Number of protein chains: 2
Amino acid sequence: MASKSQRQHLIERILAERSVSDHGELVELLAAEGVEASQASVSRDLDELGAVKLRAGGQTVYAIPEIATQRAVPLETLRRVCGDWVVDAQHSQNLVVLTTPPGSAHVVASAIDRSDSDDVLGTVAGDDTILVVAAPHTTGEAVAEHFRELAGL
Amino acid sequence: MASKSQRQHLIERILAERSVSDHGELVELLAAEGVEASQASVSRDLDELGAVKLRAGGQTVYAIPEIATQRAVPLETLRRVCGDWVVDAQHSQNLVVLTTPPGSAHVVASAIDRSDSDDVLGTVAGDDTILVVAAPHTTGEAVAEHFRELAGL
DNA sequence: CATAAATATTCATTTATGTGAATAATTATG
DNA sequence: CATAATTATTCACATAAATGAATATTTATG
């Protein structure tokens with residue numbers, strides 16, 4: 001069985017190269033690449049990939065928005081990254097300090113940056129420390145708690 | 001239940017702070033922090049964390065080598081990172097070109113750098129492309145195939 | 001607005017992962 | 001080298017994630 005992520009990458013590539021108008025067609029194209037999947041799985045995949053249905057001149061076509069491929073890190077991924085690398089999460093005022101193993105800070109910060117949460121204005125990463133600036137509408141405390149939850153701390 | 005990664009981070013912290021001479025002691029220290037775990041789990045954790053048993057003057061003490069905390073990314077983690085972000089892996093001579101979604105290259109390259117494989121001399125990451133230099137004793141083809149396997153491609 | 005087509009969701013099942021108890025294997029010690 | 005202490009592994013089980021078939025829901029179309 002092909003892995004879920006492999007299938008989803010393949011879907012991304014297929015959508016970038018061809019026009020796909022419905023789930024059934026995508027199921028067939030996947031099968032042509034040797035990947036078996038049901039319409040139900042395709043539906044879930046498109047949802048998880050953030051795919052949208054475009055209508056251009058009577059034709060409907062699925063596509064993955066730039067914003068989805070360029071930025072969005074799924075919450076599930078952010079959770080894994082934080083679980084793997086975030087050792088501690090403290091806060092002071094609207095600033096959250098995340099601690100990671102030495103040298104790992106920028107990996108985590110990059111994932112956070114790409115997760116485009118409304119609660120985070122931005123991050124700055126050192127070697128084993130990340131400063132996370134909480135947005136005005138929330139608090140450092142709440143954001144720190146959020147990261148502790150993500151990291152399983 | 002505390003997550004596995006939480007428990008393992010806690011073990012790292014405990015070992016950094018105190019002298020732990022056997023699994024049973026570590027089980028107790030974990031319990032004192034509110035984390036229940038059996039000796040079997042502790043054994044597996046220490047293995048996965050790359051812990052070593054040091055002997056200093058009759059005393060035996062567990063520790064996690066610098067190389068483990070600073071560099072080693074577990075194969076399992078590298079597999080997840082590649083599965084999530086590596087879209088393609090091609091090679092030419094001893095160079096492997098990995099393709100990722102835009103902006104994600106450095107996340108993957110960082111994980112590869114920290115996985116200290118003997119087969120990889122080093123990486124250079126752009127925006128959506130990583131150059132991986134294969135070591136002399138192997139080939140770009142073999143390394144590319146390795147990454148395809150990791151990524152589920 | 002009725003009907004067909006397409007898509008999302010539920011449910012049951014499979015598969016993968018994590019776990020502790022028991023035990024095997026290893027390592028230390030007299 | 002025998003024995004005790006420690007550590008790794010096996011096994012059975014629990015939990016979570018992924019999946020397809022069936023079905024409910026939504027969307028398009030005459």
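We name chains A, B, ... by the order of the sequence lines, and we start the count at 1 in each one. Just so it is clear, the values below take in all heavy atoms, side chains as well, and ignore hydrogens, waters and symmetry mates. Note that the structure is a prediction, hence the values are computed from the model and not measured.
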What integer distance in Å separates [X]:[atom1] from [N]:[atom2]?
| X | N | atom1 | atom2 | result |
| --- | --- | --- | --- | --- |
| D45(A) | dT7(C) | CG | C1' | 14 Å |
| Q59(B) | dA5(D) | CD | P | 18 Å |
| R79(B) | dA16(C) | CZ | P | 13 Å |
| L54(B) | dT27(C) | CG | P | 16 Å |
| E48(A) | dA8(C) | CD | P | 12 Å |
| L46(A) | dA6(C) | CG | P | 15 Å |
| D47(A) | dT7(C) | CG | P | 13 Å |

In Å and rounded to the nearest 0.5 Å, what is the [atom1] to [atom2] distance from [X] to [Y]?
| X | Y | atom1 | atom2 | value |
| --- | --- | --- | --- | --- |
| S21(B) | Y62(B) | OG | OH | 8.5 Å |
| L26(A) | L10(A) | CG | CG | 8.5 Å |
| H9(A) | W85(B) | NE2 | CH2 | 9.5 Å |
| H146(B) | E141(B) | NE2 | CD | 14.5 Å |

With side chain to side chain contact (heavy atoms under 4.5 Å, CB included) as the test, would you mind laying out the steps for V124(A) and I130(A) before giving the verdict? CA-CA 6 Å; V124(A) 183; I130(A) 303 165; over 6 Å; no
Would you call R148(A) and V86(A) a side-chain contact if the rule is heavy atoms closer than 4.5 Å? no
Check whether any side-chain heavy atom of L131(A) sits under 4.5 Å from a side-chain heavy atom of V97(A), and report yes or no. yes
Which of residues 14-30 of chain B sit near DNA chain C, with a heavy atom under 4.0 Å from it? none
Determine whether a donor-acceptor pair (N or O, by modelled atom type, separation under 3.5 Å) exists between the side chain of S92(B) and the backbone of L95(B). no
Looking at S43(A), I'd like to know whether one of its side-chain N or O atoms comes within less than 4.0 Å of OP1 or OP2 on dT7(C). no
Under-3.5 Å N/O pairs linking protein and nucleotides 20-27 of chain D:
| unit_1 | atom_1 | unit_2 | atom_2 | d |
| --- | --- | --- | --- | --- |
| dG20(D) | OP2 | S38(A) | N | 3.2 |
| dG20(D) | OP2 | S38(A) | OG | 2.8 |
| dG20(D) | OP2 | S41(A) | OG | 2.3 |
| dG20(D) | N7 | R44(A) | NH2 | 2.9 |
| dG20(D) | O6 | R44(A) | NH1 | 3.4 |

Counterpart base for dT26(C), defined by Watson-Crick or G-U wobble contacts under 3.5 Å: dA5(D)
More than 12 heavy atoms of other residues, nucleotides or ligands under 6.0 Å from CD of E25(B): is that the case? yes
